[in-house]
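Reviewing the structure listed below.
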Amino acid sequence: WQSQSITRHPLWSKHKRPLFMEPGLLTLYLGKRDYVDHVDSVDPVEGVLKIDPADLGDRKVWIQLACAFRYGREDLDVIGLSFRKDIWIQHIQLYPDAGHKPTLTEMHDTLLKKAGEQGHPFTFNIPTNLPCSVTLQPGPDDTGKACGVDFEVKAYLAQSADDPDEKIDKKDTCRLVIRKIQFAPDNTGSGQKAELCKSFMMSDKPVFLEASLDKEIYYHGDPIPVTVKIKNETNKVVKKIKVTVDQTTDVVLYSADKYTKNVLCEEFGETVEGNANFEKTLPITPLLSNNKEKRGLSLDGRLKDEDTNLASTTIIRGGMDKEMLGILVSYKIKVNLMVSGGG
């Protein structure tokens, strides 16, 4: 499943105002929170940082965009057990001026009007080989920041961009989490097909089962029509058809943690008598709303308490380093026949 509507509803136009974070000397403005991965390119992150130079002293002003992977509870940080890894990070010095002169866009102009004369525009270009935002759904009793892959824009005051020995006060930092979301290509291929021939004891003839999809990609919330064909050459009765959808999450950046969770299970009371044929398209719609309590389910990156979706399928292009993707997500549809006296 892929996110389809995000390009038509940028957050800034929905709320009629830009997003900003203001700690004091710094005010960070972004025009939106969702940035779309179009497979061959990613929306640039365009923003403005308002800088009050009055009390900066000899410190410089930096802006950074980081893609990070978190696997472990936030409350374990105090004993050094929380696992966090920066997958990609880029720093830009905005003050004093170090030569960052982005091409100004309509978005920049809108934010500069909001920030005033102290506004400094910036642009980050996200590489195409980075993962999309993924959140592992916490359990009812889990607290702290959720595990997963996230992107964060951070402005801060420091002598250098990334000196580990330099302590940066929280009041000298402002940050906004953004989402990188997968947008599926329009040229979707033909759907897959699977076949099975099953024989039973005390019967010299089998049951043939074929399941197929009409296309390769489905969007969040769209019904998925599964076409089922059955040729029952036995004297047994097919009592019902069960269709399930499983999500497989492969955490490639953390050991070999791979697990599968069911996101849909529907039974259809279709009966196929012995020596009879059957063909029907069964619609299914996997939704996060039916899986809210399942801990560890992969979701599209969540921003605070905003609604999200089941995670989009990871698109792996040739030459990509899987470890750079952090979390790989895929889905499988299974069709089972319940046969009287045959399991």
| In Å and rounded to the nearest 0.5 Å, what is the CG to CZ distance from L337 to F208? | 13.0 Å
| request: Evaluate whether atom NZ of K261 has more than 12 neighbouring non-hydrogen atoms of other residues, nucleotides or ligands under 6.0 angstrom away. | output: yes
| query | Would you say the side-chain atoms of R175 pair up with the backbone N or O of V153, donor to acceptor, closer than 3.5 Å? | reply | no
| remark: Rounded to the nearest 0.5 angstrom, the OG-OH distance for S133 and Y35 is 11.5 Å
| said: Tell me whether V335 shares a hydrophobic cluster with V237, the cluster being built from Ile, Leu, Val, Met, Phe, Trp, Tyr side chains joined at under 4.5 Å. | reply: no
| task | Could you tell me which residues satisfy ring-ring contact (aromatic ring centres under 6.0 Å, His included) with F278, sequence neighbours excluded, listed by chain and number? | result | none
| query | Under 3.5 Å, is there a donor-acceptor pair between the side chain of T135 and the main chain of L299? | reply | no
| Taking only residues two or more places apart in sequence or in another chain, which ones pass side chain to side chain donor-acceptor pair (under 3.5 Å) with K294? | N291
| message | What I'd like to find out is whether the side chain of D40 reaches to under 4.5 Å of the side chain of T128, using heavy atoms alone. | response | no
| message | Using the rule given for salt bridge (charged side-chain N to carboxylate O under 4.0 Å, His left out), can you reason through K334 versus D246, listing the C-alpha separation, both sets of side-chain angles and the distance that settles it, and then say yes or no? | response | CA-CA 8 Å; K334 294 192 292 186; D246 291 336; 3.5 Å; yes
| message | Using a 3.5 Å distance criterion without hydrogens, assess whether the side chain of Q64 forms a donor-acceptor pair with backbone atoms of I92. | response | no
| field | E279 side chain reached by T227 side chain, heavy atoms, under 4.5 Å | value | yes
| query | salt bridge (Lys or Arg N to Asp or Glu O under 4.0 Å) with E267: which residues, sequence neighbours excluded? | reply | K240
| Say you draw a straight line from CG of N232 to CG of L209; how long is it, rounded to the nearest 0.5 Å? | 11.0 Å
| remark: In this structure, CD1 of I178 is separated from CD1 of I126 (nearest 0.5 Å) by 5.0 Å
| said: Would you say that S190 contacts K215 through its side chain, given a criterion of any heavy-atom pair below 4.5 Å between the two side chains? | reply: no
| Can you check whether L104 reaches P121 side chain to side chain, under 4.5 Å on heavy atoms? | yes
| Which distance, rounded to the nearest 0.5 Å, do you find between the OG of S330 and the CD1 of I315? | 13.0 Å
| request: For R33 and V177, indicate whether the former's side chain and the latter's backbone hold a donor-acceptor pair under 3.5 Å. | output: yes
| Single-linkage hydrophobic cluster F268~V263, side-chain heavy atoms < 4.5 angstrom | yes
| Under 3.5 Å, is there a donor-acceptor pair between the side chain of W62 and the main chain of L94? | no
| Criterion salt bridge (charged side-chain N to carboxylate O under 4.0 Å, His left out) on K280 and E270, from CA distance to verdict | CA-CA 9 Å; K280 190 172 183 178; E270 307 289 348; 2.7 Å; yes
| query | Do I168 and L157 belong to the same hydrophobic cluster, where Ile, Leu, Val, Met, Phe, Trp and Tyr are linked whenever their side-chain heavy atoms lie under 4.5 Å apart, directly or via other members? | reply | no
| field | Qualifying residues under salt bridge (Lys or Arg N to Asp or Glu O under 4.0 Å), relative to K101, sequence neighbours excluded | value | D97
| How far apart are the closest heavy atoms of G301 and R179, and which atoms are they? | O-CD, 2.6 Å
| query | Can you hop from L310 to V134 via hydrophobic side chains spaced under 4.5 Å? | reply | yes
| By side chain to side chain contact (heavy atoms under 4.5 Å, CB included), which residues pair with C132, not counting sequence neighbours? | D37, K180, Q182
| task | Assess whether side-chain contact (heavy atoms from CB on, under 4.5 Å) is satisfied between L25 and I51, documenting all intermediate values. | result | CA-CA 6 Å; L25 298 176; I51 303 171; over 6 Å; no
| query | Between E106 and D109, is there a donor-acceptor pair closer than 3.5 Å when you use the side chain of the first and the backbone of the second? | reply | no
| request: Provide the full list of side chain to side chain donor-acceptor pair (under 3.5 Å) pairs with a residue in residues 155-168, sequence neighbours left out, each pair given once. | output: D58-Q159
| query | Looking at side-chain heavy atoms only, is the closest gap between T248 and K258 below 4.5 Å? | reply | yes
| task | Please answer: with hydrophobic residues joined when any side-chain heavy atoms are less than 4.5 Å apart, are V149 and Y259 in the same cluster? | result | yes
| remark: On a heavy-atom basis, the closest approach of P131 and I87 is CG-CD1, 4.1 Å
| query | If you measure from OG1 on T313 to OH on Y218, what distance do you get to the nearest 0.5 Å? | reply | 12.0 Å
| message | With a 4.0 Å cut-off on N to O distance, would you call D150 and R70 a salt bridge? | response | no
| field | Closest non-hydrogen atom pair between V48 and G119, with its separation | value | CG1-CA, 3.8 Å
| message | Could you walk me through whether C174 and T27 satisfy the side-chain contact (heavy atoms from CB on, under 4.5 Å) test, starting with their C-alpha distance in whole Å, then the side-chain angles of each, then the deciding distance to 0.1 Å, before giving a yes or no? | response | CA-CA 7 Å; C174 57; T27 308; over 6 Å; no
| message | On a heavy-atom basis, which atom in S298 and which in L136 lie closest, and how many Å separate them? | response | OG-CD2, 3.4 Å
| Residues in side chain to side chain contact (heavy atoms under 4.5 Å, CB included) contact with P164, at least two apart in sequence or another chain | none
| Short question: side chain of T308, backbone of D300 - any donor-acceptor pair under 3.5 Å? | yes
| message | Using side chain to side chain donor-acceptor pair (under 3.5 Å), reason through S41 and H38 one step at a time and then give a plain yes or no. | response | CA-CA 5 Å; S41 66; H38 301 276; 5.4 Å; no
| Where do Q137 and R295 land on the side-chain contact (heavy atoms from CB on, under 4.5 Å) test, with the steps shown first? | CA-CA 5 Å; Q137 181 164 263; R295 186 176 188 269; over 6 Å; no
| field | Y95: ring-ring contact (aromatic ring centres under 6.0 Å, His included) partners, not counting sequence neighbours | value | none
| message | I'd like to check the salt bridge (Lys or Arg N to Asp or Glu O under 4.0 Å) partners of K229; sequence neighbours left out, ordered by chain and number. | response | E210
| query | Quick one: does V42's side chain get under 4.5 Å of P127's, heavy atoms only? | reply | no
| Looking at residues at least two apart in the chain, or sitting in another chain, which of them share a side chain to side chain contact (heavy atoms under 4.5 Å, CB included) with N235? | none
| request: Would you check, one step at a time, whether the test side-chain contact (heavy atoms from CB on, under 4.5 Å) holds for T249 with L328? | output: CA-CA 6 Å; T249 299; L328 305 180; over 6 Å; no
| task | Measure across T244 and C265 and return the closest heavy-atom pair with its distance rounded to 0.1 Å. | result | CG2-SG, 3.7 Å
| message | Contact between W88 and L65 at the side-chain level, heavy atoms closer than 4.5 Å - yes or no? | response | yes
| said: Listing request: all ring pair (Phe, Tyr, Trp, His ring centres under 6.0 Å) pairs with a residue in residues 109-141, at least two apart in sequence or in separate chains. | reply: F122-F124
| Is it true that a side-chain atom of T281 and a backbone atom of V226 form a donor plus acceptor pair closer than 3.5 Å? | no
| task | Mind checking side chain to side chain contact (heavy atoms under 4.5 Å, CB included) for N125 and listing every partner two or more places apart, or none if nothing turns up? | result | P44, T123
| Does L26 reach the side chain of L28, with side-chain heavy atoms less than 4.5 Å apart? | no
